[in-house]
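Order of appearance sets the numbers: ligands from 1, and atoms from 1 within every ligand.
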Amino acid sequence: MSLNYSTYLRLPELLDQQRPLSAPQEHDELLFIVIHQTYELWFKLILHEFAKINRDFSANDLYGAIASFRRVRTVMKTLVAQVDVLETMTPMSFNSFRDRLETSSGFQSYQYRELEFVLGYKRPNVLHYYPPDMPGHEQMQRRLRERTVVDHFYDFLEAQGATIPPELKNRDLAQPNQPNTQVQEQLHAFYKTRPDLAILFERMTDFDEGLQEWRYRHVKIVERTIGSKRGTGGSPGVEFLKRTLFHPVFPDLWAIRHQL
Ligand code: HEM
C-alpha cells in the first residue's frame with residue numbers, strides 16, 4: 001500500500017503510547033499524559049531548531065538565525081499557553097492518580113535538561129539525576145561537553161566585527177556561560193548602529209522571556225495543584241522551582257537594556 005496520512009505519521013504507533021496506569025481509570029490521567037508527551041514533542045523540535053541556529057550563527061547567517069529564533073519563540077508561546085489546558089485539572093483530580101507516578105517527575109525530562117545545557121545553563125548538580133541506568137544519561141554527558149548556543153553566538157558576533165575576549169573563546173565548555181561586560185558593550189554598540197542585528201537580538205530576548213514565562217506558569221500550576229507538598233521527584237516543590245524563575249539564558253542582552 002502507498003504511503004498515507006496514518007502510515008507517514010505512524011499514527012497507530014503514536015496513538016498507542018498513551019497508557020494510563022490507574023485502575024479503575026481516572027478520567028484526567030489521559031490529559032496528564034497527553035500534555036506531557038506534547039511538551040516532549042515540542043522540546044524535540046526546539047532542540048532540532050537550536051542545532052540549526054548554531055549552524056547559522058557559526059556560518060554568519062543572520063537571516064537564517066532570525067527566522068529560526070522567530071520559530072522557537074513562537075513554540076515557546078505555545079508551551080506557555082498549553083498550561084491553560086492542564087489547569088482545568090483540579091487538585092482533587094490530580095490526587096486521584098498522583099500515587100501512580102511514583103517517583104517520576106518532569107524533573108527527569110532529559111530533553112528539557114538538554115535544552116538548558118544547549119542554551120548554556122549547565123548546572124553540574126543536574127547530572128546526579130542521570131546515572132548510567134537513567135534514560136538521558138548519554139545525552140546529558142554529550143551536551144555537557146558541547147559548545148552552547150551562546151558560544152555559537154560569539155562566533156556570529158565576531159564575524160560581524162566584534163571582539164570576543166579570549167577567556168570566552170577558550171572557556172571550559174562544561175561550565176555555564178556567564179555574562180560579560182565586554183560583550184555587553186559590543187551588543188550595545190550594535191544595537192545603536194545595526195538595526196538588522198537588533199532584530200535578531202530582540203527575537204533572542206523574546207525566546208528568553210518566553211522560557212521565563214514558562215517557568216512562572218509551571219510554578220503556578222504546581223502551586224495551585226499540590227500547594228506546599230514535596231514533588232514526586234523528591235524536591236521541596238514550589239520553593240525549589242522558584243529559585244530559577246528569573247534566570248535569563250542571554251543575560252548580556254538583558255544587562256544593557258537601560259542604556260538603549
Ligand atoms: C499538575 C501539573 C504539574 C505538577 C504538579 C508538577 C510538579 C513539579 C514539581 C513539584 C517539580 C519539582 C521536581 C520534583 O520534585 O518533582 C517539577 C519539575 C519539573 N516539571 Fe513539572 N509539574 C506539572 C506539570 C508539568 C508539565 C506539563 C511539564 C512539561 C513538560 C513539566 C515539566 C517539568 C520540568 C521540566 C521540571 C524540572 C524543572 C527544573 O528543575 O527547573 N511539569 N514539576
Notebook entry, point to check: So is Gln111 in contact with ligand 1, going by heavy-atom distances below 4.0 Å?
Noted result: no

Next item on the list: For Tyr110 and Phe43, run ring-ring contact (aromatic ring centres under 6.0 Å, His included): C-alpha distance rounded to whole Å, both residues' side-chain angles, the deciding distance at 0.1 Å, then the answer.
Entry: CA-CA 10 Å; Tyr110 61 85; Phe43 291 158; over 10 Å; no

Next item on the list: Just go through Glu239, His218, Arg113 and tell me whose heavy atom is the nearest to atom 18 (C) of ligand 1.
Entry: His218

Check: Does an N or O anywhere in Ser109 fall below 3.5 Å from an N or O of ligand 1?
Finding: no

Check: Is it true that Met89 lies under 4.0 Å from ligand 1, counting heavy atoms only?
Finding: yes

Notebook entry, point to check: Does a salt bridge link Arg203 with Glu209, judged by any charged N lying under 4.0 Å from a carboxylate O?
Noted result: no

Next item on the list: Please say whether Trp214 places an N or O atom under 3.5 Å from an N or O atom belonging to ligand 1.
Entry: no

Check: Are side-chain N/O atoms of Thr205 and Asp208 paired as donor and acceptor at under 3.5 Å?
Finding: no

Next item on the list: Please confirm whether Gly233 comes within less than 3.5 Å of ligand 1 when only nitrogen or oxygen atoms on both sides are compared.
Entry: yes

Note to self: If you measure every N or O of Tyr39 against every N or O of ligand 1, does any of those distances drop under 3.5 Å?
What the structure shows: no

Note to self: Which residue is it: Arg123, Arg143, Lys122? I am looking for the one with a salt bridge (charged side-chain N to carboxylate O under 4.0 Å, His left out) to Glu116.
What the structure shows: Arg123

Notebook entry, point to check: Considering Ser105, Ser235, Gly106, which one's heavy-atom position lies nearest to atom 33 (C) of ligand 1?
Noted result: Gly106

Next item on the list: Between Arg123 and ligand 1, find which residue part has any heavy-atom pair under 4.0 Å and reply side chain, backbone, both or neither.
Entry: side chain

